[in-house]
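Report on one structure; see the data block that follows.
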2 protein chains.
Amino acid sequence: MEPHEPDLTAVPVTAVLAALADEVRLQIVRALAEGGETACGTLDFGVSKATRSHHLRVLREAGLTRTRAAGTSRYVRLRRDELEKIYPGLLDAVLTPRPPA
Amino acid sequence: MEPHEPDLTAVPVTAVLAALADEVRLQIVRALAEGGETACGTLDFGVSKATRSHHLRVLREAGLTRTRAAGTSRYVRLRRDELEKIYPGLLDAVLTPRPPA
DNA sequence: GAGCTTGTTCGACATTTGTCGAACAACGGT
DNA sequence: ACCGTTGTTCGACAAATGTCGAACAAGCTC
């Protein structure tokens with residue numbers, strides 16, 4: 001089945017925000033922003049495989065990531081350009097490790 | 001009791017995003033962004049008083065709004081400047097009615 | 001083909017969240 | 001002092017959400 005990667009314009013803003021409003025998913029997004037395309041297995045943040053898979057699906061269905069299958073692995077990457085186009089500044093606002101107080 | 005309006009730097013990003021990741025609260029934020037300081041009662045989006053009060057508290061405790069009491073009313077306003085300082089671009093990215101596809 | 005690796009899916013479960021009505025509190029006007 | 005207006009708080013409840021282990025699926029290697 002297709003990985004269900006929606007058109008970003010078809011995803012409600014609230015869904016995008018909700019996808020980012022989780023500590024684990026934010027860590028994933030930060031890792032992807034820094035490391036580019038990454039194998040799922042590399043994204044280990046202290047949760048089980050099942051939970052990680054769940055979070056990756058949420059991100060994917062919110063239009064934040066794309067997934068490419070290769071062998072037994074799956075490679076995930078951020079849809080930065082599209083995101084920047086539709087929600088300019090969003091990622092930067094959220095990704096900066098510690099915003100200047 | 002004080003309305004519990006936290007220092008924005010003390011609120012985790014996920015809490016800010018979660019506060020924005022709700023349709024009703026987004027409508028409230030949009031109304032505040034457009035209309036400036038607004039009486040609670042004016043913010044009617046088809047939910048009960050109790051629910052509206054709940055949403056306003058979530059926004060306040062996420063550091064997004066400030067509340068001022070006057071008579072029997074309470075006036076709410078967006079903390080735009082602080083928000084812009086700590087999460088530059090966030091509000092704009094979220095507030096624009098329909099971003100250009 | 002057997003076995004290992006890599007992920008997804010399937011319940012199950014506890015927690016959180018959005019919603020409401022009702023009760024309560026504070027203030028203003030008559 | 002009463003009453004109406006404006007909001008908050010208190011359960012209660014249903015729905016959504018994050019988490020896990022176990023089972024399953026798909027691919028690679030020996």
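So you know, we letter chains A, B, ... as the sequences are listed, proteins then strands, and number each from 1. Because the structure is a prediction, the values reported are computed rather than measured.
Within 4.0 Å of Ser53(A), counting heavy atoms only, lies at least one base atom of the nucleic acid.
Taking atom CZ of Arg52(B) as the reference point, atom C1' of dT6(D) lies 8 Å away to the nearest angstrom. Between Arg60(A) atom CZ and dT8(C) atom P there is a gap of 7 Å when expressed in whole angstrom units. The distance between atom CZ of Arg68(A) and atom P of dA26(D), rounded to the nearest whole Å, is 20 Å. Distance Arg74(B) CZ to dT9(D) P: 8 Å, rounded to the nearest Å. Going from atom CG of Asp44(B) over to atom C1' of dG7(D) covers 14 Å, rounded to whole Å. Here the P atom of nucleotide dT17(C) and the CG atom of Leu56(B) are 17 Å apart, to the nearest Å. Distance OH (Tyr75(A)) to P (dT5(C)): 16 Å, rounded to an integer number of Å. For the pair Lys49(A) NZ and dT5(C) P, the computed distance is 11 Å after rounding to whole Å.
Among dT8(C), dT19(D), dT5(C), the nucleotide with an atom closest to any side-chain atom of Thr72(A) is dT5(C). Candidate nucleotides dT19(D), dG7(C), dT19(C) were compared by shortest atom distance to the side chain of Cys40(A), and dG7(C) ranks first. Checking dT19(D), dT9(D), dT5(D) against every side-chain atom of His54(A), the shortest atom distance belongs to dT19(D). Closest contact between the side chain of Ala50(B) and the listed nucleotides dG18(C), dA22(C), dT5(C) involves dA22(C). Of the candidates dG18(D), dC20(C), dG21(D), dG18(D) carries the atom nearest the Arg25(A) side chain, counting heavy atoms from C-beta on. In this structure, of dC20(D), dT19(C), dG7(C), it is dG7(C) that holds the atom nearest to the side chain of Ser73(A). In this structure, of dG7(D), dG18(D), dT8(C), it is dG18(D) that holds the atom nearest to the side chain of His55(A).
Minimum heavy-atom separation, Ala33(A) to Leu95(A): CB-CD2, 3.4 Å.
Nearest-nucleotide assignment on DNA chain D puts the 5′-proximal partner with Ala39(B), out of Ala39(B) and Val58(A).
For Thr51(B), no side-chain nitrogen or oxygen approaches OP1 or OP2 of dG18(C) to under 4.0 Å.
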| request: Could you go through the side-chain contact (heavy atoms from CB on, under 4.5 Å) check for Asp22(B) and Thr14(A) one step at a time? | output: CA-CA 6 Å; Asp22(B) 178 275; Thr14(A) 47; 5.6 Å; no
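One finds a salt bridge joining Glu82(A) and Arg66(A) here, because a Lys/Arg side-chain nitrogen approaches an Asp/Glu carboxylate oxygen to under 4.0 Å.
Under the 3.5 Å distance criterion, the side-chain polar atoms of Arg25(A) are matched with a main-chain donor or acceptor of Ala18(A). Side-chain atoms of Glu61(A) do not come within 3.5 Å of backbone N or O of Pro6(A) as any donor-acceptor pair.
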